[in-house]
Amino acid sequence: LSWVPSMRRVRYRVAASLDGYIAGPRGEIDWIVPDPTVDFAAIYAGFDTVLLGRRTYELTRQPGAPPWPPGWRIYVFSRTLDPAAHPGTTVVRMDAGPTVRALRSESGRDIWLFGGGRLLGSLLAEQVVDQVEVAVMPVLLGGGVPLAVDAPRTRLRLIRTDATPSGIVNLQYDIAYTGG
């Protein structure tokens with residue numbers, strides 16, 4: 001018998017409005033409810049790699065945006081970013097699936113699929129996302145950046161739910177892929 005290490009999980013962990021948007025029409029995120037009960041240090045401790053689409057990456061580089069924890073590997077999926085202009089970041093210009101499969105097979109902590117919705121859609125099509133974790137904010141935006149863009153029909157299995165005093169409902173789902 002040979003021991004096979006378990007694969008790292010890719011977890012789409014995101015805040016969304018009740019009507020399914022992860023950012024407003026102009027990319028704004030000022031509608032996200034701050035909640036003092038959220039232990040960000042504990043959340044960050046479960047990850048060591050982050051996956052981002054170009055637009056989401058650009059949002060994380062705005063003044064005032066918190067930095068990624070030291071030692072994290074940052075992968076940005078973009079056909080337009082110049083890798084030389086983004087030191088400390090791996091810019092992936094080709095199909096995302098092979099890169100994410102390789103990352104999953106390495107040792108380490110889980111991989112945070114931070115955004116956005118289009119990257120989620122492409123990675124679901126490649127069947128390399130393991131969980132969807134949505135913090136549903138008590139707000140309706142009426143438009144903006146959807147939670148998922150061009151995603152294939154995907155079955156989810158609810159594994160955890162809870163609510164905070166501020167009205168945030170946390171939902172955690174395992175992906176239930178069928179077929180190959």
Notebook entry, point to check: Within a reach of under 6.0 Å around CD1 of I32, are more than 12 heavy atoms found that belong to other residues, nucleotides or ligands?
Noted result: yes
Note to self: Using modelled atom types and a 3.5 Å cut-off, is there a donor and acceptor pairing between side-chain atoms of D82 and backbone atoms of A84?
What the structure shows: yes
Notebook entry, point to check: Do you know which of Y44, W68, Y57 makes ring pair (Phe, Tyr, Trp, His ring centres under 6.0 Å) with F114?
Noted result: W68
Next item on the list: Let me see the working for V100 and E126 under side chain to side chain contact (heavy atoms under 4.5 Å, CB included), right down to the final yes or no.
Entry: CA-CA 9 Å; V100 174; E126 292 285 335; over 6 Å; no
Margin query: If hydrophobic clusters are built from ILVMFWY residues whose side chains come within less than 4.5 Å, do F40 and Y12 share one?
Written below: no
Check: Does R11 reach the main-chain N or O of E133 with its side chain, forming a donor-acceptor pair under 3.5 Å?
Finding: no
Check: Can any side-chain N or O of D110 pair as donor or acceptor with the backbone N or O of R9 at less than 3.5 Å?
Finding: yes
Check: Are the charged groups of R79 and D95 less than 4.0 angstrom apart, N to O?
Finding: yes
Notebook entry, point to check: Does a sphere of radius 6.0 Å around CZ in R13 hold more than 12 heavy atoms from other residues, nucleotides or ligands, not counting ones at 6.0 Å or beyond?
Noted result: yes
Next item on the list: Taking salt bridge (Lys or Arg N to Asp or Glu O under 4.0 Å) as the test, write out the residues that go with R55, two or more places apart.
Entry: none
Next item on the list: Go through W112 and W72 one step at a time and tell me if the side chain to side chain contact (heavy atoms under 4.5 Å, CB included) criterion holds.
Entry: CA-CA 10 Å; W112 188 338; W72 275 34; 3.7 Å; yes
Check: Could you give the distance from OG (S105) to CZ (R8), rounded to the nearest 0.5 Å?
Finding: 9.0 Å
Note to self: Once side-chain contact (heavy atoms from CB on, under 4.5 Å) is applied, do any residues pair with R155, and if so which ones, sequence neighbours excluded?
What the structure shows: A176
Notebook entry, point to check: Hey, are the side chains of E106 and T49 touching, using non-hydrogen atoms and a 4.5 Å cut-off?
Noted result: no
Notebook entry, point to check: Are any of the side-chain heavy atoms of L81 and E58 separated by less than 4.5 Å?
Noted result: yes
Notebook entry, point to check: How many angstroms lie between CZ in R101 and CG in L123, if you round to the nearest 0.5 Å?
Noted result: 9.5 Å
Note to self: Same cluster or not: V169 versus L147, using hydrophobic residues (I, L, V, M, F, W, Y) connected whenever any side-chain heavy atoms lie under 4.5 Å apart?
What the structure shows: yes
Checklist line | Atom pair CG/CG of L119 and L124 - distance to nearest 0.5 Å | finding: 9.5 Å
Checklist line | Shortest non-hydrogen separation from W31 to V139 and the atoms involved | finding: CE3-CG1, 3.6 Å
Note to self: Test your reading of the model: is there a side-chain donor-acceptor pair from D48 to the backbone of R109, 3.5 Å cut-off?
What the structure shows: yes
Note to self: On a heavy-atom basis, which atom in N170 and which in A135 lie closest, and how many Å separate them?
What the structure shows: OD1-CB, 3.4 Å
Notebook entry, point to check: Any sub-3.5 Å donor-acceptor pair from D130's side-chain atoms to V10's backbone N or O?
Noted result: yes
Item checked: Evaluation steps, side chain to side chain contact (heavy atoms under 4.5 Å, CB included), between I111 and R104 -> CA-CA 8 Å; I111 301 165; R104 290 176 79 214; 4.2 Å; yes
Margin query: Testing the basics here: between V129 and Q131, what is the closest heavy-atom pair and its distance to 0.1 Å?
Written below: CG1-O, 3.5 Å
Check: Which heavy-atom pair separates V33 from M137 by the least distance, and what is that distance?
Finding: N-SD, 3.3 Å
Check: At their closest point, which heavy atom of S17 faces which heavy atom of L141, and how far apart are they?
Finding: CB-CG, 3.7 Å
Notebook entry, point to check: Can you get from L52 to L120 by hopping between Ile, Leu, Val, Met, Phe, Trp and Tyr side chains that sit under 4.5 Å apart?
Noted result: no
Margin query: Hydrophobic clusters here meaning ILVMFWY residues chained together by side-chain heavy-atom distances under 4.5 Å, can you tell me if V92 and L51 are in one?
Written below: yes
Margin query: Any side-chain to backbone donor/acceptor pair from T154 onto P152? Under 3.5 Å, distance only.
Written below: yes
Notebook entry, point to check: How many angstroms lie between OG1 in T99 and OH in Y75, if you round to the nearest 0.5 Å?
Noted result: 8.0 Å
Next item on the list: For residues V134 and A16, report the shortest heavy-atom separation together with the two atoms involved.
Entry: CG1-CB, 3.7 Å
Note to self: Does any part of the side chain of I168, heavy atoms only, come nearer than 4.5 Å to the side chain of P138, both counted from C-beta?
What the structure shows: yes
Item checked: Side-chain donor/acceptor of D19 to backbone N/O of L140, under 3.5 Å -> no
Notebook entry, point to check: Shared ILVMFWY cluster between L171 and L156, side chains joined below 4.5 angstrom?
Noted result: yes
Note to self: What verdict does the side chain to side chain contact (heavy atoms under 4.5 Å, CB included) test give for Y173 and L158, after you've listed the backbone C-alpha separation in whole Å, the side-chain angles of each residue and the deciding distance to 0.1 Å?
What the structure shows: CA-CA 4 Å; Y173 296 93; L158 183 66; 3.7 Å; yes
